[in-house]
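Here's the structure we're looking at; comments come further down.
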Amino acid sequence: MTRERLYLFDTTLRDGAQTNGVDFTLADKLAIAGMLDKLGIDYVEGGYPGANPIDSELFATERKLGTTFTAFGMTRRPGRSASNDPGLVALLDAKADAICFVAKSSAYQVRVALETTPDENIASIRDSVRAARGRGREVLLDCEHFFDGYKADPKFALACAQAAYEEGARWVVLCDTNGGALPHEVEAIVGEVVKVIPGDHVGIHAHNDTEQAVANSLAAVRAGARQIQGTLNGLGERCGNANLCSIIPTLKLKDEFSQRFEIGVTDTNLKTLTHVSRSLDELLNRGSDRHAAYVGESAFVTKAGIHASAIVKDPATYEHVAPEAVGNKRKLLVSDQAGRSNVLAELERVGIRVAKDDRRVVRLLDEVKEREAAGFAYEAADASFELLARRMLGTVPDYFDVETFDVWVEQRFSATGERATVTMAVVKVKIGDEHLISAAEGNGPVNALDVALRKDLGKYQPFIAGLELTDFRVRILNGGSSAVTRVLIESRDEIGERWTTVGVSPNIIEASFQALMDSIVFKLVRSNAPA
Ligand SMILES: [Zn+2]
């Protein structure tokens, strides 16, 4: 049986750019467009030429992309002709393969927001689609507020969609602009639309305000729509857009869809999805959502004892798809609930081979339990766990010794009479027979210590040059006067590898020092630095 083609349309660079706190540079936009193209996305909406300098520049330059690069903009303004509307002219002049117009399809919105008549709204759709077709462009029409509009006045909403289709728009996209529609409503309404516009010309653009943008997109496909619009990681205004990082694997890995439909993302490209999702976060300098479906760091993590021992026997016992299919990893948490099988599986994952009945495994397990009771959190700090395991199995070289460190925090008056806090750290390190001293200032004691520690590690310096601390989390455990501090440090290196280390002590500097040391030593182990 031949499978029907489903098209994916990404609007990360346009609707995703509406996200609170997200600002794409031109270079960001080009990098993301390249990533989406490589992934196999059919349409990439680059932005709104004429609306801001970056988008204008983006659409003024030639790009070499396989995807249909799409410009977004409004239909002609009411009361103007298509050739006499500067916004529309800029859109038609943009170097784009396709043009996606947005027009209202709700009678209420036309009256209140646009302050024009239903007839003029439809005439504007017809004129704009015709003008873009006349310039040889593929045309899409985003029917804004379609579902709300349809519920109030189905005839008018349909008339807007039909006008675009009749004028030759390749796609009529039904938008749930306010994001309040529910899956059964979407399925029913799309079912009505495809009676008058063929489904292979109908798209869905869902927002996530009831946490159902993905479900709404799939419901539209079930009802006959053949284009899905969404964003990477569900980026977008308010609660975001439909998340392509969830939609793509569902279409590829769930029989209901994979047997009926084909998409541009190959099985091989699907394996890069986790990387694509995290790369976007990195580019935006945001932490990744650990619990994101398919691509989150916790998506295939198992903790409890019974589940973990079943997963070791057969992963299908507690996994709905194989993590490798989307480029993610299975992980069994090492925690006080863990049994020996858990530890063995985790050791294997990080590449440490030991015999099943090796006594050292029991010792390691006891050690982990003891340390977790003292406040260490190895399930969050996999790098510290790996180091602990490697040390107990005798495979971590003694790279260097920190002989002493000093940290000062001093508050004084500056020359201009303002109060200023100054922090300095001095670290004495022994590497082989060599003694090294480094001093550094920092914006706080941990920062100063970190900078001093990594300033000069002699022959190991090249191995840690790309090391960067990306997150620092502090938690005070069991309160009161006997409180201990747990510090978790997340690090990253030049190739984007990330790891987390942990330190515990009643003293926050000491706890931070432990976590910093683990991070550096872990990097040296990973880089196969010579002892
Ligand atoms: Zn939108």
Assess the residue pair Ile247 and Ile228 against the criterion (side chain to side chain contact (heavy atoms under 4.5 Å, CB included)); give the C-alpha distance rounded to whole Å, side-chain angles, the decisive distance to 0.1 Å, and a yes or no. CA-CA 9 Å; Ile247 289 174; Ile228 301 179; 3.8 Å; yes
Give the intermediate values and the outcome of side chain to side chain donor-acceptor pair (under 3.5 Å) for residues His207 and Asn216. CA-CA 9 Å; His207 279 259; Asn216 284 341; over 6 Å; no
Measure the shortest side-chain to side-chain distance between Ile248 and Ile263 over non-hydrogen atoms and say whether it is less than 4.5 angstrom. yes
Stepwise side chain to side chain contact (heavy atoms under 4.5 Å, CB included) check, Thr75 with Val102: CA-CA 6 Å; Thr75 48; Val102 58; over 6 Å; no
Between Glu4 and Arg226, is a salt bridge (Lys or Arg N to Asp or Glu O under 4.0 Å) present by the stated rule, with each step listed? CA-CA 9 Å; Glu4 227 182 309; Arg226 294 296 175 256; 2.7 Å; yes
Any ion pair linking Arg498 and Glu468 (charged N to carboxylate O, less than 4.0 Å)? no
Side-chain heavy atoms of Ile54 within contact of Phe24, under 4.5 Å: no
Using a strict 4.0 Å threshold on nitrogen-to-oxygen distance, state whether Asp255 and Arg260 make a salt bridge. no
Under a plain distance cut-off of 3.5 Å, with no hydrogens placed, do Thr272 and Asn269 share a side-chain donor-acceptor pair? no
Using atom types as modelled and distance alone, determine if a side-chain donor or acceptor of Ser527 lies under 3.5 Å from a backbone N or O of Leu524. no
Arg222/Glu256 salt bridge by N-O under 4.0 Å criterion: yes
Would you say that Leu449 contacts Val446 through its side chain, given a criterion of any heavy-atom pair below 4.5 Å between the two side chains? no
Can a donor-acceptor pair be found, under 3.5 Å and without considering hydrogens, that links the side chain of His201 to the backbone of Arg170? yes
Return the orientation label for the Phe72 and Tyr48 ring planes: parallel under 30°, perpendicular over 60°, tilted otherwise. perpendicular
Is any side-chain N of the basic residue among Lys523 and Glu494 closer than 4.0 Å to the acidic one's carboxylate O? yes
Given the rule in the side chain to side chain contact (heavy atoms under 4.5 Å, CB included) test, do Thr67 and Leu36 qualify, once you have shown the distances and angles that lead to the verdict? CA-CA 8 Å; Thr67 185; Leu36 291 163; over 6 Å; no
Main-chain N/O of Glu497 paired to Arg492 side chain as donor or acceptor, under 3.5 Å: no
Supply the atom-to-atom distance Asp93 CG to Phe59 CZ, rounded to the nearest 0.5 angstrom. 13.0 Å
Is the shortest side-chain N to carboxylate O distance from Arg278 to Asp281 below 4.0 Å? no
Any idea how Tyr378 and Phe385 line up, ring-wise: parallel (<30°), tilted (30 to 60°), or perpendicular (>60°)? perpendicular
Side chain to side chain donor-acceptor pair (under 3.5 Å) evaluation trace for Thr501 with Ser519: CA-CA 6 Å; Thr501 51; Ser519 172; 4.8 Å; no
Exceeds 12 heavy-atom contacts within 6.0 angstrom, atom CE of Met35: yes
Does Val326 offer a backbone N or O that forms a donor-acceptor pair with the side chain of Thr274 under 3.5 Å? yes
With a 4.0 Å cut-off, would you call Glu324 and Lys329 a salt bridge? no
Can we say Arg76 and Asp127 salt-bridge, meaning some charged N sits less than 4.0 Å from an Asp/Glu carboxylate O? yes
Measure the CG-OG1 distance between Asn243 and Thr250 for me, rounded to the nearest 0.5 Å. 9.5 Å
Does the side chain of Leu88 come within less than 4.5 Å of Phe101's, by heavy atoms? yes
Backbone N or O of Glu490 within a donor-acceptor pair of the Thr470 side chain at under 3.5 Å? yes
Does Arg330 qualify as a cation-pi partner of Phe300, given the criterion of NZ or CZ under 6.0 Å from the six-membered ring centre and within 45 degrees of its axis? no
Are Ser384 and Asp518 linked by a side-chain donor-acceptor pair shorter than 3.5 Å? yes
Can you tell me if Arg475 has over 12 outside heavy atoms packed within less than 6.0 Å of its CZ? no
Please collect all side-chain hydrogen bond (donor to acceptor under 3.5 Å, both in side chains) contacts where either partner lies in residues 94-105, sequence neighbours excluded, each pair once. Lys104-Glu144
Kindly say whether Gly50 contributes a backbone atom to a donor-acceptor pair with the side chain of Ser56 at under 3.5 angstrom? yes
Minimum side-chain heavy-atom gap Leu232-Val276 below 4.5 Å: yes
Could you go through Ser81 and Asn84, starting from their C-alpha distance and side-chain angles, then the distance that decides it, and tell me whether this counts as side chain to side chain donor-acceptor pair (under 3.5 Å)? CA-CA 5 Å; Ser81 71; Asn84 199 20; 4.8 Å; no
Tell me, do Glu262 and Leu6 make a side-chain contact under 4.5 Å, heavy atoms counted? no
So does Leu8 get a backbone contact from the side chain of Asp42, meaning a donor-acceptor N/O pair under 3.5 Å? yes
Take a 6.0 Å sphere around CG of Asp314 and say whether it holds more than 12 heavy atoms from other residues, nucleotides or ligands. yes
Does Gln227 have any side chain to side chain contact (heavy atoms under 4.5 Å, CB included) partners at least two apart in sequence or in another chain, and if so, which? Tyr7, Phe9, Tyr43, Leu140, Trp171, Val173, Gln229
Between Lys271 and Asp267, does at least one N-O distance fall below 4.0 Å, as a salt bridge requires? no
Inspect the surroundings of CD in Glu348 and state if more than 12 heavy atoms from other residues, nucleotides or ligands are less than 6.0 Å away. no
Taking atom CG of Leu457 and atom NZ of Lys459, what is their separation to the nearest 0.5 Å? 11.5 Å
Do the side chain of Asp382 and the main chain of Glu386 share a donor and acceptor less than 3.5 angstrom apart? no
A quick test of your reading: do over 12 heavy atoms of other residues, nucleotides or ligands sit less than 6.0 Å from NZ of Lys254? yes
Hey, is the main chain of Gly16 close enough, under 3.5 Å, to the side chain of Thr12 for a donor-acceptor pair? no
Side chain proximity check, Pro249 to Val321, heavy atoms < 4.5 angstrom: no
Nearest-0.5 Å distance that lies between atom CG in Leu467 and atom OG in Ser491: 5.0 Å
Value rounded to 0.5 Å, distance of CG in Asp148 from CD in Glu185: 9.0 Å
Any side-chain heavy atom of Asn328 within less than 4.5 Å of one from Tyr294? no
Any salt bridge linking Arg526 with Asp493? Criterion: basic side-chain nitrogen under 4.0 Å from a carboxylate oxygen. no
Closer than 3.5 angstrom, by distance alone: can the side chain of Ser106 be matched with the main-chain N or O of Gln109 as a donor-acceptor pair? yes
Between Tyr399 and Val521, is the side chain to side chain contact (heavy atoms under 4.5 Å, CB included) condition met? List the steps. CA-CA 8 Å; Tyr399 297 110; Val521 173; 4.1 Å; yes
Determine, stepwise, if the pair Arg5 / Asp200 fulfils salt bridge (Lys or Arg N to Asp or Glu O under 4.0 Å). CA-CA 9 Å; Arg5 185 73 158 82; Asp200 57 1; over 6 Å; no
Roughly how far apart are Leu91 CG and Cys100 SG, rounded to 0.5 Å? 9.5 Å
